[in-house]
Amino acid sequence: MRAHEAGALHGDLGYRGPAWLRTPEDVNALVPQLWPRTVSRTDAGSLQVGGVSVADLAAEHGTPAYLLDEADLRARCREFAAAFGDADVYYAGKSFLCKAVVRIIEEEGLFLDVCSGGELAVALKAGFPPEKIGFHGNNKSVSELSRALEAGVGRIIVDSFDEISRLSDLSEKLGKRAGVLLRVTVGVEAHTHEFIATAHEDQKFGFSLAGGAAFAAAVKILDEGILDLRGLHSHIGSQIFDTSGFEVAARRVLELQAQIRDARGVELEELDLGGGFGIAYTTQDDPSTAGDLAKRINKIVEGECELANLRKPRLSVEPGRAIVGPAVFTLYEVGTVKDVDGIRTYVSVDGGMSDNIRTALYDASYSATVAGRASTAEPMLARVVGKHCESGDIVVKDEFLPADVQPGDLLAVPGTGAYCRSMASNYNHVPRPPVVAVRDGASRVIVRRETEDDLLALDVG
Ligand code: LLP
């Protein structure tokens, strides 16, 4: 996440808003990097996606709804696959997973990263080839590991000495040799929110490089010979814009690789540098293209291999957000508009922290626009909030909306494809919204809306 530049004064509201806000003149404009690629305003002023107007989508599917631009998602998959060429691109399913998305990423040539038995079940149910699945997690259970081994999952990313023992026992018991990568904590402070940075020393993931645990784990696996150690893995965090973190990570894991070669005469064949590539949530975010990322990452790895006198390992990456994040926007309906005198205007929508927890959890920034019509009204600085019983239930902290925004207006929030539906909750017993894929003038529900019956189905008391 970018450092927030607070402090710009907007109009005579006396309100100190952040400097990344769109200019007031832009209330109807769509900033391209924020929106799925088939989104535009019709001549009448309404947003459309995949050739269908949001009014029609709202009438057919209700609000709130996550609207997925299928052409955009497919294009992003293809761009990553093409840009990384020889390297394998594992789509990180934790960002958003359902059977339709599993099929799309398979059709577009990607691999899949899962991090729980549940995600594995969705992947297998959708018929994804198990050998193209990587299985992550710092505390995989015996049953999750057994299922992965039995299904023939391509690689398991081991995260602790306990797991090495557990997986070795299971491999022997089931007569299946697991292909594994070793998750290494490289000691990088990624420039992102503390909760989504994963490579600094003080944390639960991986084997510490600095403390020697990573080397000891690699040697243990090689000496025991039960598991098939294919390579090293590093994931430094999420929503990262600056490739310098990847550079440090690559250097450090490749140094470890050289150390392992020198100690045991084995050159590991694979290297996974994880995901974490940032996307635009506001006009201030300037993400790299897949092509740029691939070029820089390949260059970094080639340079570091040369320095360490290593053959270039087979590279892989695990983007989630950068693939699905920008392909989706959430469509809400405005329910109330409340002007709190001299402070700000609150625009309440029919969802909130149950469909997007990221603003409350990470202080994330989003953008919004009135979607059902264009407006010539004066711009007004507003806060978009949800319907939950919490004052922290904020969807968009600050945005210019037209001053005539009113109950019944449709409001669209872009960049919600990653970590919104996947982290959605039933807080306040608000049913979770559907995910609707739109393409070539037609829409189809790929995850249906939760119903009150669904909520009551688990309540067996
Ligand atoms: N690989 C590993 C090992 C990961 O742990 C993650 C994300 C990824 C790949 C994909 O990262 P991405 O490319 O999507 O940034 N809930 C947080 C993000 C948590 C990310 C967890 N791991 C958020 O909403 O920002």
Side-chain angles (χ1 to χ4, degrees), residues 1-2 73 76-77 80 84 87-97 101 105 110-116 119 133-140 155-159 180-186 188 190-200 203-207 231-243 245-246 249 253 271-281 285 287-288 290 293-294 297 315-328 330 353 355-366 395 415-425:
M1 240 151 278
R2 288 281 163 94
L73 174 62
R76 286 175 203 279
C77 292
F80 265 95
F84 277 90
D88 299 327
V89 178
Y90 283 74
Y91 169 70
K94 67 209 79 183
S95 57
F96 174 62
L97 202 69
V101 164
I105 66 141
L110 301 193
F111 290 61
L112 178 62
D113 145 19
V114 300
C115 68
S116 70
E119 287 185 0
I133 297 178
F135 190 16
H136 270 282
N138 67 302
N139 186 16
K140 306 175 200 76
R155 62 196 210 183
I156 297 175
I157 295 84
V158 290
D159 194 280
V180 299
L181 300 189
L182 195 73
R183 170 89 181 242
V184 179
T185 313
V186 292
V188 170
H191 295 171
T192 190
H193 191 281
E194 180 196 348
F195 293 178
I196 55 175
T198 52
H200 50 293
Q203 76 152 286
K204 68 171 185 167
F205 292 112
F207 292 91
L232 303 177
H233 182 287
S234 153
H235 171 75
I236 57 174
S238 207
Q239 185 60 359
I240 294 167
F241 287 93
D242 176 0
T243 42
F246 293 102
V253 277
L271 171 64
D272 191 313
L273 289 177
F277 313 129
I279 65 165
Y281 288 105
D285 297 324
S288 305
L293 287 167
I297 287 179
L315 193 62
S316 47
V317 288
E318 297 170 336
R321 185 190 320 260
I323 289 179
V324 79
V328 175
T330 310
M353 64 195 298
D355 60 72
N356 184 355
I357 189 65
R358 298 192 68 259
T359 308
L361 191 56
Y362 311 119
D363 195 27
S365 300
Y366 281 89
V395 181
T416 56
Y419 306 110
C420 287
R421 181 59 179 79
S422 66
M423 293 171 77
S425 75

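Both counts, for ligands and for their atoms, begin at 1 and track the order of listing.
Every residue two or more places apart in sequence or in another chain that forms a salt bridge (Lys or Arg N to Asp or Glu O under 4.0 Å) with Arg76 is listed here: Asp72. For Ala87, the side-chain contact (heavy atoms from CB on, under 4.5 Å) partners two or more places apart in sequence, or in a different chain, are Phe84, Leu315.
Only side-chain heavy atoms of Ala92 come within less than 4.0 Å of ligand 1; its backbone N, CA, C and O stay farther off. With a heavy-atom cut-off of 4.0 Å, Arg321 touches ligand 1 through backbone and side chain alike. When non-hydrogen atoms are compared, ligand 1 lies under 4.0 Å from the side chain of Tyr362 (C-beta onward) but not from its backbone. At a 4.0 Å heavy-atom cut-off, ligand 1 does not touch Leu361 at all.
If you number the atoms of ligand 1 from 1 as listed, the ones under 4.0 Å from a heavy atom of Met423 come out as 16 (N), 24 (O). Numbered from 1 in the order shown, with element, the atoms of ligand 1 that lie under 4.0 Å from a heavy atom of Gly320 read 12 (P), 13 (O), 14 (O). The distance from ligand 1 to the heavy atoms of Gly276 drops below 4.0 Å at these ligand atoms: 11 (O), 12 (P), 13 (O), 15 (O). The distance from ligand 1 to the heavy atoms of Arg183 drops below 4.0 Å at these ligand atoms: 3 (C). Heavy-atom proximity to Asp113, at under 4.0 Å, picks out these atoms of ligand 1: 1 (N), 9 (C). The distance from ligand 1 to the heavy atoms of Pro319 drops below 4.0 Å at these ligand atoms: 13 (O).
Close N/O approach between His136 and ligand 1 is not found [any backbone or side-chain N/O within under 3.5 Å].
Closest heavy-atom approach to atom 4 (C) of ligand 1 among the candidates His233, Glu318, Lys94: Lys94.
Between Val328 and Phe96 the shortest side-chain heavy-atom distance does not fall below 4.5 Å.
Judged purely by distance below 3.5 Å, without hydrogens or angles, the side chains of Ser316 and Asp272 pair a donor atom with an acceptor atom. Donor-acceptor pairing under 3.5 Å is recorded for the side chains of His136 and His233.
Using cut-offs of 30° and 60° on the angle between ring planes, the pair Tyr90 and Phe111 is tilted.
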Apply salt bridge (Lys or Arg N to Asp or Glu O under 4.0 Å) to Lys204 and Asp159, showing your working. CA-CA 9 Å; Lys204 68 171 185 167; Asp159 194 280; over 6 Å; no

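Each of Phe277, Phe241, Tyr281 was scored for a side chain to side chain contact (heavy atoms under 4.5 Å, CB included) with Pro287, with one residue passing: Phe241.
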